[in-house]
Amino acid sequence: MLDDLRAREYPLLDGLGHVYLDYTAGNLVPQTLLERHMQLLRDHLLGNPHSTNPASALATTFTEQTRLSVLDFFNADPDEFVVVFTANATQALKLVGEAYPFDASGEYLLTFDNHNSVNGIREYARARGCPTTYVPIVLPDMRVDETELREHLARGSRGGHRLFAYPAQSNFSGVQHPLDWIPLAQERGWHVLLDAAAFTPTNRLDLGRWKPDFVSQSFYKMFGYPTGVGCLIGRKTALARLRRPWFAGGTITVASVQGDKFYLAEGASAFEDGTPNYLALPAIEFGLQYLSEIGIDTIHTRVRCLTGWLIERLTPLCHADGAPLARLYGPRSDTRRGGTVTFNFYDREGRAIDHRDVEQRANAAGISLRTGCFCNPGGGEIALGITGSELSSCFHQPEHETHLTIEDFRLCIDGKSTGAVRVSLGLASNVADVDAFIDFAATFLR
Ligand SMILES: Cc1ncc(COP(=O)(O)O)c(C=O)c1O
């Protein structure tokens, strides 16, 4: 069924002979979604919401219908959860960071394994004198040291608000961190921010069962189209704790110039700054329907099998002396992991092959993969063995006070790799994609 779907919905893949292995960055655009969206725009007169005129009211109707469809897709109770539309997962995270009531008696706790858009929240915490703590991840699987996490979560509160943030799935290693940390942390007085951006494209997130306080994600990662729409799904009780640092068009009931006062709107409106992406929003409902029709569990199984197959074929590739070609950063099994596989290739002398060279050769071979640290520096530092003391002596050199190029950084860490190679599978991937990648990998043995 997925092979037929690939031929029908993604004709460019086989039409161009392109091997797309970058699903963690973005999904591909299915034909159906484009057609349904264009038809809707052709058939309806839509205007800027926030008015009662008919064109505006129709856009509002579609927006609210889309909001309900997101709740429904994630099995989230509308009495308990609110969907706030944002431009992407990053904006959803920023909404939480800038408004969370951090103070000196609170804490921001997060895993080493996080996207920079989650790491960046620490700057909001710092600005309010709130300490940040990182829980390490451990090689070779790059999972969190759970004993340390549990100890940390169990520590008594110093009276302030405490936020714990982690990704449901790593965009670096593909590790799926346990969702049962959500109640574990909440029972100990933490709010939980679950970054689901890399998880939701191929896994069921059941918010009837798991109830994080905040969930961030981008829709283009789930079904490829449209870009520019993400959401924050927040528990009403948690959203009520947030203190927005400003008001804007669309977020207030009343704001006054002479009275120097504003009153925030209720619910999602309080967080949706300015005009929402109202022409794109109806396509989100179509995208969710598209995934539901295929079946998120079917997609999950397909990606799990292909990932297992890829790892099973990549890890035995060896040089003549038996030294492995690839060093994997993440689990070697297909359990509790997603379809993101990250590694570096090593040559016959045991030297890492520069990830930029791998990328260039992949480009030339018509393979889209990604290299670098994928905006996940904690994952990169652990995978590549870059230590805290190396980093702080680098960052504290006077010439690096405000400026550091990637070349400076490379020198600082003594020529160690600064990045890795990432291939990621998704709903349109097939066995031929894996075979093509393995053939490509084997060329590094020559
Ligand atoms: C785990 C994770 N979180 C957050 C983001 C940020 O998503 P966006 O760039 O759509 O805001 C990404 C993007 O790759 C991601 O993989």
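Residue numbers run from 1 in the order of the sequence given. Note that ligands are numbered from 1 as they come in the structure, with each ligand's atoms numbered from 1 the same way.
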Cation-pi check, Arg422 onto Phe374 ring (under 6.0 Å, within 45° of axis):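 The answer is yes; both the distance and angle limits are met.
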Between Ser368 and Asp22, a side-chain donor and acceptor under 3.5 Å: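 The answer is no; no qualifying pair exists.
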Identify all N/O pairs between ligand 1 and the protein with a separation under 3.5 Å and present them as a table of atom names and distances.
from     : atom 1 : to     : atom 2 : distance (Å)
ligand 1 : 3 (N)  : Asp195 : OD1    : 3.3
ligand 1 : 3 (N)  : Asp195 : OD2    : 2.5
ligand 1 : 10 (O) : Ser218 : OG     : 2.6
ligand 1 : 10 (O) : Tyr220 : OH     : 2.7
ligand 1 : 11 (O) : Ala89  : N      : 3.3
ligand 1 : 11 (O) : Thr90  : N      : 2.8
ligand 1 : 11 (O) : Thr90  : OG1    : 2.5
ligand 1 : 14 (O) : Lys221 : NZ     : 2.6

Asp113 and His177: side chain donor to acceptor below 3.5 Å: yes
Ring pair (Phe, Tyr, Trp, His ring centres under 6.0 Å) partners of residues 67-86, not counting sequence neighbours, each pair once: none
Donor-acceptor side-chain pairing of Asp195 and Ser216 below 3.5 angstrom: yes
Lys/Arg-Asp/Glu bridge criterion (N-O < 4.0 Å) met for Arg356, Asp354: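 The answer is yes: the pair qualifies as a salt bridge.
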